[in-house]
Protein chains: 2
Amino acid sequence: MAETSPDDALPLYFRLFNEIGIIEQLSRALLEAQLPAGMLVSHFSVLNHLIRVKDGRTPLELARAFQMPKTTMTHTLGGLHKHQLVETRPNPEDKRSKCIWITDAGRAFREDAIAAMAPDMGELAAHMEAGIAQDLVSKLTDLRIYLDESRIAKTRLRE
Amino acid sequence: MAETSPDDALPLYFRLFNEIGIIEQLSRALLEAQLPAGMLVSHFSVLNHLIRVKDGRTPLELARAFQMPKTTMTHTLGGLHKHQLVETRPNPEDKRSKCIWITDAGRAFREDAIAAMAPDMGELAAHMEAGIAQDLVSKLTDLRIYLDESRIAKTRLRE
DNA sequence: TGATTTAAGTTCTATATCGTACTAATTGAT
DNA sequence: ATCAATTAGTACGATATAGAACTTAAATCA
């Protein structure tokens, strides 16, 4: 949820999350504008994860990595499967389960999306120094880890 | 869309938006966990805007402030209206339009939500120094303004 | 003034998200 | 070994988001 003119009177930490919410919305729109119709950031993110971390993951492992309900992951994987961007193989260690592998088309899709974003990222890089971006990433990573590990983020447990 | 272990090899600016996406998801869950059942961050945000900026706004002005489609705002306002947290009056300057005013119940709802978040915010404040939060807010505000004003964020125009 | 175009809001429809409940397989206890 | 409890994944239902098209009023223009 985004609003464009956060009031300076808002307590500092509210403002922090408010800005983060706005930027999330803008950046998601930005990425999705570069994706083929019907493809969402969720699809890109899963493909990205399969490459960056490792493919052959189970749907449940993926759902946990993204802290989303497994039913949502079922749905997202359905979309990826329909476009043949991932393929499914049985899990040799658990017959209830299955493993998700990225296809060549999936790799190409991800690379195309990244390439399509490159100009925008370059424009941003020209506007925001790498040092500032690095500092932001560092502090935001600390915040994310805190939220992820602290009691307060456990309010809504999943699974 | 969130994943818990961003790869250091990801280009810096991708990682920035990735962290922001994760934190947005966590913080939204955090706030919604404090709201009564059925109430969403979107409802809180609109009430917050009506107080912080000004009430008596039209739905379209609100939709633009939040950069969301007006149909979504119609839906969100419907929920607020159903709970009598806002009320609608005719727009004296335009008979097609109407103005949205927050009710006393709406003010109370917003205050309660903020009070309910206070412990979590306090815990965060104890973990992250105000100076760091201030620095984050400052840099993120710059980034938000850049995205909001730059050509690249105009990719998806709304109404 | 009357006709056309633009704008505000809603309705209708599609779909992404996510909770509940189910099926099937695994684990654990005895 | 058997049966209970747990776990992986799915099906289904509810609802938030958002695009298309519609209604009504306003603005523009001849």
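Labels below follow one simple rule: chain letters A, B, ... track the order of the sequence lines, proteins then strands, and each chain is numbered from 1.
The distance between atom NZ of B/Lys82 and atom C1' of D/dT15, rounded to the nearest whole Å, is 10 Å. For the pair A/Glu32 CD and D/dG19 C1', the computed distance is 14 Å after rounding to whole Å. Atom CD1 in A/Ile100 sits about 14 Å away from atom P in D/dA8, given to the nearest Å. B/His81 has its NE2 atom 10 Å from the P atom of C/dT10, to the nearest Å. Whole-Å rounding puts the A/His43 NE2 to C/dT17 C1' distance at 12 Å. The NZ atom of B/Lys70 sits 15 Å away from the P atom of D/dT24 (whole-angstrom rounding). Between the CD atom of A/Glu93 and the P atom of C/dA25 there is a distance of 17 Å, given to the nearest Å. Between B/Met73 atom CE and C/dG9 atom P the separation is 11 Å, expressed in whole Å.
At a cut-off of 3.5 angstrom, the base of D/dT24 holds no donor-acceptor pair with the side chain of B/Arg96.
For B/Lys98, the listed nucleotide lying nearest its side chain is C/dG9; candidates were C/dG9, C/dA25, D/dA16. For B/Met68, the listed nucleotide lying nearest its side chain is D/dA18; candidates were D/dG9, D/dA18, C/dT17. When each of C/dA8, D/dT10, C/dT17 is scored by its nearest atom to the side-chain atoms of B/Leu60, the top-ranked nucleotide is C/dA8. Of all nucleotides listed (C/dG9, D/dT17, D/dG9), C/dG9 comes nearest to the side chain of B/Thr74. When distances are taken from the side chain of A/Lys95 to each of C/dT10, C/dT26, D/dG9, the shortest belongs to C/dT26. If you check C/dC18, C/dT10, D/dT17 against the side chain of A/Thr72, the one that comes closest is C/dC18. Of the candidates C/dA8, C/dC18, C/dT10, the closest approach to any side-chain atom of B/Arg64 belongs to C/dA8. For B/Thr71, the side-chain atoms get nearest to C/dT11 when compared with the rest of C/dT11, D/dA8, C/dG19. Among D/dT17, C/dG19, C/dT17, the nucleotide with an atom closest to any side-chain atom of A/Ser42 is C/dT17.
Backbone-only engagement by A/Asp94 is indicated by non-hydrogen atom pairs under 4.0 Å involving sugar-phosphate atoms exclusively.
To the nearest 0.5 angstrom, B/Arg52 atom CZ is 8.0 Å from B/Arg110 atom CZ. Rounded to the nearest 0.5 Å, atoms NZ (A/Lys82) and NE2 (A/His43) are 8.0 Å apart.
Using a 4.5 Å heavy-atom threshold, the side chains of A/Thr76 and A/Leu62 count as separate.
One finds a side-chain N or O of A/His75 lying less than 4.0 angstrom from the OP1 or OP2 phosphate oxygen of C/dA16. Considering only side-chain N and O atoms, B/Ser97 lies under 4.0 angstrom from the phosphate OP1 or OP2 of C/dG9.
Nearest-nucleotide assignment on DNA chain C puts the 5′-proximal partner with B/Cys99, out of B/Cys99 and A/Leu40.
B/Thr141 contributes a side-chain N or O that, together with a main-chain N or O of B/Val137, makes up a donor-acceptor pair within less than 3.5 Å. Remark: side-chain polar atoms of B/Glu24 are not paired, donor with acceptor, to backbone N or O of A/Ile20 under 3.5 angstrom.
In plain terms, the two heavy atoms of B/Ala133 and A/Leu12 that are nearest each other are CB-CD2, 3.7 Å.
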